[in-house]
Undergrad: 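Sharing a structure with you now.
Keep in mind that this is a model prediction, so the values were computed, not measured.
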Amino acid sequence: MKFIFCKRHLIYFIALIVLTIFYATLSRNILPSSDAVSVMCIRDRPWPCWMVPIHRFILLYRGHWYALATKLTGYSSHQAYIIPALMYSCLVLIAFYLSREKLGSVWALIFSIGIPSAFASLNTLIPVIHIGTYVYTLISYILIEKYTNKKEFKYLVAFILLATLTCFSDDISNYILIAPLFLSGLFFCVKNKSLYNLYVVMAVLIAYALAKAMQYYASISGLFILPGIPSPQFIDFDLIGKNLYLFTEGMLRYTGSFFFGKSPSEPEAIKSVILLIVFALFCTHTYKALRISYKISIVDMSLCVACLIMIPAFVLSNRPIDVWSIRYLVPFFIFAPIIIGRAKTTNGLIYYILAVFLVVFLAYGSGFSQRTDHSNDILNKLKTTLRENGLKEGYGSFWFASSLSIDGDLKVAPLDVNRVLNIFACNKWLSKNDWYSTGGNFIIIDDDQMRDIALKEVGNPVKVIKTGDKSIFIYNKNITYSCQ
């Protein structure tokens, strides 16, 4: 028995290594944006960012992965794709474990998250995304299942600690962890009249209350600010059609089954149609599994609620802005294969063959063996220009500053471009005071308004270098800003 236990863990460990290498090759083809890279400013010390605590989920569930890696191996820009790959590998393997390791459901896991489409990769295999939260959410479900099976309170205590930090760090956990477990716990309390079910409900309420208390304390202490994100609210009735449109397009693009606008004879169109058929099969079995699972146990019902809850939340809320907002529906693709596995709706040789087919079919077009050429991207053009001219420290708008600084040899501080007052200021989000007190001798200009502000505040540059649609204003003086 001990040999089997060790062998099982060895298999998981090998799978973790293989999957991390695979996902890293996909992630390296993605140029991370500045909001994704900003969290990597923790490379200097665990809490180097002036405003790091402002973004709760960056603080706990994204930053610490990078801080730990920097502590162990030193900072490297490779963290931008290795750590997302490692996190995603953990997610896939934990999802397989929660599906009760049913091989008949592997095809669903491969299709939904195992081998992501190019569109899905842009929503999952980048720094600073919800994947860390999903990993801890699945672990929380494992702890609850351990508790309900063994009735040992150590699992409940561990759940409270983990769920508290998860809820504090990322509000999406309220939808996919707290609400499902609370509702399911109440249902089984009434159904089974068991104290153990009541204890689960109490643990969920304790975790939620502690998370809210932490958020309140952090808020009144000025520890974090979350700029630019509106509070969720119900959308205007006239805009529901727009959300349904974004939902439909996003689901098709996420699964690689968006065939619209392609010639029927094109290989990509044929591939999309095949994936659309698989997607239809996936949805059918998800529906069957939901009907079977939702009354089995607290965990099964919670997984069902977590699988579906983000769909009405997406359609009826103001959060969807464009097709990229489909990232809020990633939980559906995580929980659906888990439910299919637990319900045992896809057993048999045909599904094993389907799993092998999907591995070959999806991996072939995933870009695993190809390296995308980003040399003509504006970010890399700017990096080359700065290095060729010996420019190391300066300023730029938020959407370029962090991405230019990712390699470590360039230090481009983000400027807050106030387009109402026509002034530059410190960007008080994921930055440090000393970036601005140390200063720099260039400013990357995005448009005419930034040009006019620079001329008014800093003066005429000694040299202007055009790079793509950007201009680099070079000065023979050190430019500093006060962040008080």
Undergrad: Evaluate the side-chain proximity of L122 to R327: yes if any heavy-atom separation is below 4.5 Å, no if none is.
TA: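 In short, these two side chains do not touch, never coming nearer than 4.5 Å.
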Undergrad: Tell me whether the rings of F119 and Y254 are parallel (<30°), tilted (30 to 60°) or perpendicular (>60°).
TA: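 Ring orientation of F119 relative to Y254: perpendicular.
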Undergrad: Are D171 and Q215 close enough, and set up right, to give a side-chain contact (heavy atoms from CB on, under 4.5 Å), and what steps lead you there?
TA: CA-CA 11 Å; D171 289 336; Q215 290 177 10; 3.8 Å; yes
Undergrad: State the CZ-CG distance between F258 and L275, to the nearest 0.5 angstrom.
TA: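 The distance works out to 14.0 Å.
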Undergrad: Could you tell me the separation between the OG1 atom of T137 and the CG atom of L303, rounded to the nearest 0.5 Å?
TA: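 Answer rounded to 0.5 Å: 11.0 Å.
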Undergrad: Which is it for F279 and M251 under the side-chain contact (heavy atoms from CB on, under 4.5 Å) test, yes or no, and what are the steps along the way?
TA: CA-CA 9 Å; F279 185 36; M251 295 291 269; 4.1 Å; yes
Undergrad: Between the side chains of E101 and R8, is the shortest nitrogen-to-carboxylate-oxygen separation below 4.0 Å, so that they form an ion pair?
TA: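 Result for this pair is yes, salt bridge flagged.
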Undergrad: Using a strict cut-off of less than 4.0 Å between a Lys/Arg side-chain nitrogen and an Asp/Glu carboxylate oxygen, indicate whether R100 and E145 qualify as a salt bridge.
TA: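 Here R100 pairs with E145 in a salt bridge, since their nearest N and O are under 4.0 Å apart.
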Undergrad: Could you tell me whether F357 atom CZ has more than 12 heavy atoms of other residues or ligands within 6.0 Å of it?
TA: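 Correct, the count exceeds 12.
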Undergrad: With a 4.5 Å limit on heavy-atom distance, are the side chains of K212 and F168 in contact?
TA: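 No - every pair of side-chain heavy atoms lies 4.5 Å or more apart.
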Undergrad: Side chains of L103 and N347: closer than 4.5 Å at any heavy-atom pair?
TA: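 Contact flag for L103/N347 side chains = no.
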Undergrad: Minimum heavy-atom separation for I339 to C304, with atom names?
TA: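 Closest approach of I339 to C304, heavy atoms only: CD1-CA, 3.7 Å.
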Undergrad: Without swapping roles, check the side chain of S272 against the backbone of S257 for a donor-acceptor pair under 3.5 Å.
TA: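 Answer holds: no.
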Undergrad: For Y245, is the OH atom crowded, meaning more than 12 foreign heavy atoms sit under 6.0 Å from it?
TA: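 Not buried by this count: 12 neighbours or fewer within 6.0 Å.
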Undergrad: Write down the atom of D300, the atom of S293, and the distance for their closest heavy-atom approach.
TA: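 Heavy atoms only, the tightest pair is CB-O, 3.3 Å.
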Undergrad: Check the pair H285, Y351 against ring pair (Phe, Tyr, Trp, His ring centres under 6.0 Å), reporting the backbone distance first and the verdict last.
TA: CA-CA 12 Å; H285 280 289; Y351 294 105; 5.4 Å; yes
Undergrad: Do the non-hydrogen side-chain atoms of Y97 and L138 ever get within less than 4.5 Å of each other?
TA: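 In short, these two side chains do not touch, never coming nearer than 4.5 Å.
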Undergrad: Is a side-chain donor or acceptor of S117 paired with a backbone partner of A120 at a separation under 3.5 angstrom?
TA: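 Yes, the answer is positive, given that a donor and an acceptor are paired below the 3.5 Å cut-off.
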Undergrad: Which distance, rounded to the nearest 0.5 Å, do you find between the CG of L91 and the CD1 of I131?
TA: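 Reported value, rounded in 0.5 Å steps: 5.5 Å.
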Undergrad: Taking the six-membered ring of Y155 (Phe, Tyr or Trp), confirm whether the NZ or CZ of K150 is under 6.0 Å from its centre and within 45° of its axis.
TA: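 Because its charged atom misses either the 6.0 Å distance or the 45° angle limit, K150 does not stack over Y155.
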Undergrad: Would you check if the side chain of K344 reaches a backbone N or O of G341 as a donor-acceptor pair within less than 3.5 Å?
TA: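 No; zero donor-acceptor contacts below 3.5 Å.
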Undergrad: Which heavy atom of G185 sits nearest a heavy atom of I298, and at what distance?
TA: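 Between these two residues, the closest heavy atoms are CA-CD1, 4.2 Å.
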Undergrad: Heavy-atom count around Y196 OH within 6.0 Å, excluding the residue itself: above 12?
TA: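 No - once you tally the heavy atoms of other residues, nucleotides and ligands closer than 6.0 Å, there are 12 at most.
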Undergrad: Do F96 and Y12 touch side chain to side chain, with heavy atoms closer than 4.5 Å?
TA: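 A side-chain contact under 4.5 Å exists here.
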Undergrad: Determine whether the side chains of T20 and S89 contain a donor N or O and an acceptor N or O closer than 3.5 Å.
TA: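 There is such a pair (donor and acceptor under 3.5 Å, judged by atom type) between the side chains of T20 and S89.
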Undergrad: Got a donor-acceptor contact below 3.5 angstrom from the N427 side chain to the F398 backbone?
TA: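 Not a single qualifying donor-acceptor pair exists.
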Undergrad: Do F153 and Y199 touch side chain to side chain, with heavy atoms closer than 4.5 Å?
TA: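 With C-beta onward as the side chain, the pair touches.
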Undergrad: Are the charged groups of K154 and E152 less than 4.0 angstrom apart, N to O?
TA: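 Between E152 and K154 there is a salt bridge, with a charged N closer than 4.0 Å to a carboxylate O.
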Undergrad: Report the distance from atom CG of L362 to atom CD1 of I115, rounding to the nearest 0.5 Å.
TA: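 Going from CG on L362 over to CD1 on I115, the span is 5.0 Å.
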Undergrad: Determine whether a donor-acceptor pair (N or O, by modelled atom type, separation under 3.5 Å) exists between the side chain of T25 and the backbone of F22.
TA: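 Checking the backbone N and O of F22 against the side chain of T25, a donor-acceptor pair under 3.5 Å is found.
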Undergrad: Closest approach of Y134 and P331, non-hydrogen atoms and distance?
TA: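 Looking at all heavy atoms of both residues, the closest pair is OH-CD, 3.5 Å.
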Undergrad: If the plane angle is over 60° it's perpendicular, under 30° parallel, otherwise tilted; pick one for Y88 and Y23.
TA: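 Rings of Y88 and Y23: perpendicular, over 60°.
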Undergrad: Looking at OG1 of T164 and CZ of F159, how far apart are the two atoms once the value is rounded to the nearest 0.5 Å?
TA: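 One finds 8.0 Å between OG1 of T164 and CZ of F159.
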Undergrad: When you measure from the side chain of S27 to the backbone N and O of A24, does any donor-acceptor pair fall under 3.5 Å?
TA: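 No, S27 side chain to A24 backbone: no donor-acceptor pair under 3.5 Å.
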Undergrad: Kindly indicate whether the side chain of T286, heavy atoms from C-beta on, has any atom under 4.5 Å from the side chain of F282.
TA: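 Sidechains of F282 and T286: in contact.
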Undergrad: Counting only heavy atoms not in K383, do more than 12 sit closer than 6.0 Å to its NZ atom?
TA: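 Result for NZ/K383: enclosed.
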Undergrad: Counting only heavy atoms not in F187, do more than 12 sit closer than 6.0 Å to its CZ atom?
TA: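 Above 12, so yes.
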Undergrad: For T148, is there any backbone N or O sitting under 3.5 Å from a side-chain donor or acceptor partner on K151?
TA: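 Confirmed, K151 side chain pairs with T148 backbone.
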Undergrad: Which label fits F335 and Y141: parallel for a plane angle under 30°, tilted from 30 to 60°, or perpendicular past 60°?
TA: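 Rings of F335 and Y141: perpendicular, as their planes differ by over 60°.
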Undergrad: If you look at every heavy atom in L143 and L162, which pair is closest and at what distance?
TA: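 Closest pair (atom of L143, atom of L162, distance): CD1-CD2, 4.2 Å.
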Undergrad: Do L156 and I144 have side chains that approach each other closer than 4.5 Å (heavy atoms only, starting at C-beta)?
TA: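 Result yes, sub-4.5 Å side-chain heavy-atom pair found.
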Undergrad: Would you find a donor on one side and an acceptor on the other, under 3.5 Å apart, between the side chain of N192 and the backbone of N197?
TA: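 Answer holds: no.
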Undergrad: Show your reasoning for whether side-chain contact (heavy atoms from CB on, under 4.5 Å) applies to I270 and E266.
TA: CA-CA 6 Å; I270 297 172; E266 290 181 7; over 6 Å; no
Undergrad: So does I172 get a backbone contact from the side chain of D170, meaning a donor-acceptor N/O pair under 3.5 Å?
TA: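 Yes, D170 side chain to I172 backbone: donor-acceptor pair under 3.5 Å.
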Undergrad: For I178 and V204, work out which heavy atoms get closest and say how close.
TA: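 Minimum heavy-atom contact is O-CG1, 3.7 Å.
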Undergrad: Roughly how far, to the nearest 0.5 Å, is the OH atom of Y294 from the CG atom of L308?
TA: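 Reported to 0.5 Å precision, the distance equals 12.5 Å.
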Undergrad: Check whether S112 reaches the backbone of I334 with its side chain - one donor and one acceptor, N or O, closer than 3.5 Å.
TA: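 No, because the side chain of S112 does not come within donor-acceptor range (under 3.5 Å) of the backbone of I334.
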Undergrad: Describe, in one word, how the ring planes of Y328 and H130 are oriented to each other, choosing from parallel (under 30°), tilted (30 to 60°) and perpendicular (over 60°).
TA: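 Plane angle between 30° and 60°, so tilted.
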Undergrad: Test I129 against N123 for side-chain contact (heavy atoms from CB on, under 4.5 Å), laying out the working first.
TA: CA-CA 7 Å; I129 203 70; N123 286 275; 5.8 Å; no
